[in-house]
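What follows is one structure encoded as structure tokens, with my remarks underneath.
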There are 2 protein chains.
Amino acid sequence: MTSKQEFIEKLRNSSLRPTKQRINICEVLFNRDKTFHFTINDLFKLIKDKTGEKVSLATVYNTVHAFHKKGYLKEIPINSNQTYFDTNVTDHHHFFDVKEEKLIDLKNEDVGPIEIQKSIPGKKIKSVEVLVKLED
Amino acid sequence: MTSKQEFIEKLRNSSLRPTKQRINICEVLFNRDKTFHFTINDLFKLIKDKTGEKVSLATVYNTVHAFHKKGYLKEIPINSNQTYFDTNVTDHHHFFDVKEEKLIDLKNEDVGPIEIQKSIPGKKIKSVEVLVKLED
DNA sequence: TTCGTTGTTTATAATTATTCTAAAGAAGAT
DNA sequence: ATCTTCTTTAGAATAATTATAAACAACGAA
């Protein structure tokens, strides 16, 4: 069980006031054992299901984006009609089951080190992400 | 210079009749030396610029999707407001300059072998793609 | 060539994810 | 308490993509 104080801290760190709505969003996002892959729409529906309270879609977008900017959420690079996020912000990779539109975590050690032997002058590497698409 | 016959062949292989519009799309897509990264909108504008003839947006979408399905174009997994495609369909990876929204090819040997040491029962690997995000 | 069938193009409408807006309400500091 | 600033919200605006259906073009058979 993650404490409400942690949510408040996360919110304040993201320059967001801890409101009832945002705490509810945190409950759904961070009060879990396993990593959580979601779209804004998934999250929007889950909030009502889990907390019984409705939060407007705009608030969900705002809060998720603030968390993403602060590094509490990770965006998963996938071409889909919707944007996927991940509560696991550690360095890791993904399977994407194209048919079922489902994401599966790949531990870093499941992929092994990735060496980028090319560099672009004036630019540094921000992230290295592997996407493994799966088919039947 | 790629010949018109090749375009017609690509179109027929994709179950598309070789029309004037589609040949024009092929001119912009495949008549080049280097790999070409583009969005549908880029392509749409380039067709008018390069061929002097307008092709409707719907036709561009249809044709690009047919080529993608057939494997003549590759979709680049990136979260952007628009979908990026690549005329280089060989196994390779990308840099993405987040600030300039620009894609840069990474040759396969620039990345080295990627070993996926996990498998999902009943599924097989369709593709393995690395996206390296760049910042200043 | 001509005709009939089937596939294609196009403008436009529909759909959908995301962002914007502005008014009403809540949080925080004094 | 009160004032300022931030937040929530419904709904409108935006933008990429997909669907529609009428006019048109490619193809193949006679």
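Residue numbers start from 1 in every chain, and the chains themselves are labelled A, B, ... in the order their sequence lines are given, proteins ahead of strands. What you see below is based on every heavy atom in this structure, not just the backbone, and it leaves out hydrogens, waters and symmetry mates.
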I need the NZ-P distance between K48(B) and dT9(C), as an integer number of Å. 18 Å
If you take the centroid of each ring, where Trp contributes its six-membered ring, are H37(A) and F85(A) closer together than 6.0 Å? no
Can you confirm if the aromatic rings of F44(B) and F38(B) lie within a centre distance of less than 6.0 Å? no
Option among V132(B), L131(B), N108(B) that satisfies the side-chain contact (heavy atoms from CB on, under 4.5 Å) test with H93(B): N108(B)
Salt-bridge criterion met for E100(A) and K123(B) (N-O under 4.0 Å): yes
Rounded to whole Å, please give me the gap between CD in E53(B) and C1' in dT9(C). 13 Å
Length of the line joining L57(B):CG and dT18(D):P, which is rounded to integer Å: 10 Å
Please list, for nucleotides 3-8 of chain D, all pairs of protein and nucleotide N/O atoms separated by less than 3.5 Å.
{"residue": "dT5(D)", "atom": "O2", "partner": "R17(A)", "partner atom": "NH1", "Å": "3.4"}
{"residue": "dC6(D)", "atom": "O4'", "partner": "R17(A)", "partner atom": "NH1", "Å": "3.3"}
{"residue": "dC6(D)", "atom": "O4'", "partner": "R17(A)", "partner atom": "NH2", "Å": "3.3"}
{"residue": "dT7(D)", "atom": "OP1", "partner": "R17(A)", "partner atom": "N", "Å": "3.0"}
{"residue": "dT7(D)", "atom": "OP1", "partner": "R22(A)", "partner atom": "NH1", "Å": "2.7"}
{"residue": "dT8(D)", "atom": "OP1", "partner": "T19(A)", "partner atom": "OG1", "Å": "2.2"}
{"residue": "dT8(D)", "atom": "OP2", "partner": "R22(A)", "partner atom": "NE", "Å": "3.2"}
{"residue": "dT8(D)", "atom": "OP2", "partner": "R22(A)", "partner atom": "NH2", "Å": "3.0"}
{"residue": "dT8(D)", "atom": "O3'", "partner": "Q21(A)", "partner atom": "NE2", "Å": "2.7"}

For atom CG of N24(B) and atom P of dT9(C), their distance in whole Å: 11 Å
What I want to find out is whether E53(A) reaches K20(A) closely enough, with some N-O distance under 4.0 Å, to be called a salt bridge. yes
Between the side chains of K124(A) and D136(B), is the shortest nitrogen-to-carboxylate-oxygen separation below 4.0 Å, so that they form an ion pair? no
Rounded distance (nearest 0.5 Å) linking atom CZ of F96(A) with atom OG of S127(B): 11.0 Å
Does some side-chain heavy atom of K99(A) sit less than 4.5 Å from a side-chain heavy atom of E101(A)? no
Proximity to the side chain of Q82(A) - top-ranked nucleotide from dT17(D), dA19(D), dA17(C): dA17(C)
Just report the end-to-end axis angle for the helix from dT1(C)-dA30(D) to dT30(C)-dA1(D), five pairs per end, to 10 degrees. 30°
dT17(D), OP1 or OP2 - any side-chain N/O from Y61(B) closer than 4.0 Å? yes
Please determine if a side-chain N or O atom of R12(B) lies less than 4.0 Å away from the OP1 or OP2 oxygen of dA26(D). no
Whole-Å distance, F44(B) CZ to dA16(D) C1', equals 13 Å
Can you see if the side chain of H65(A) gets near the phosphate of dT19(C) - specifically, an N or O under 4.0 Å from OP1 or OP2? yes
From the options dT17(D), dT10(C), dG28(C), select the nucleotide whose nearest atom is closest to the side chain of P18(A). dG28(C)
Starting at atom CG of N79(B), determine the distance to atom C1' of dA17(C), rounded to an integer number of angstrom. 13 Å
Gap between atoms NE2 and P, on H68(B) and dT17(D) respectively (whole Å): 13 Å
Name the nucleic acid region contacted by T83(B), choosing base, sugar-phosphate or nothing; use a 4.0 angstrom heavy-atom cut-off, strictly under. sugar-phosphate
Which value, rounded to the nearest 0.5 Å, describes the distance between E27(A) atom CD and R32(A) atom CZ? 10.5 Å
Whole angstrom is fine here: how far is it from CG in L11(B) over to C1' in dT9(C)? 14 Å
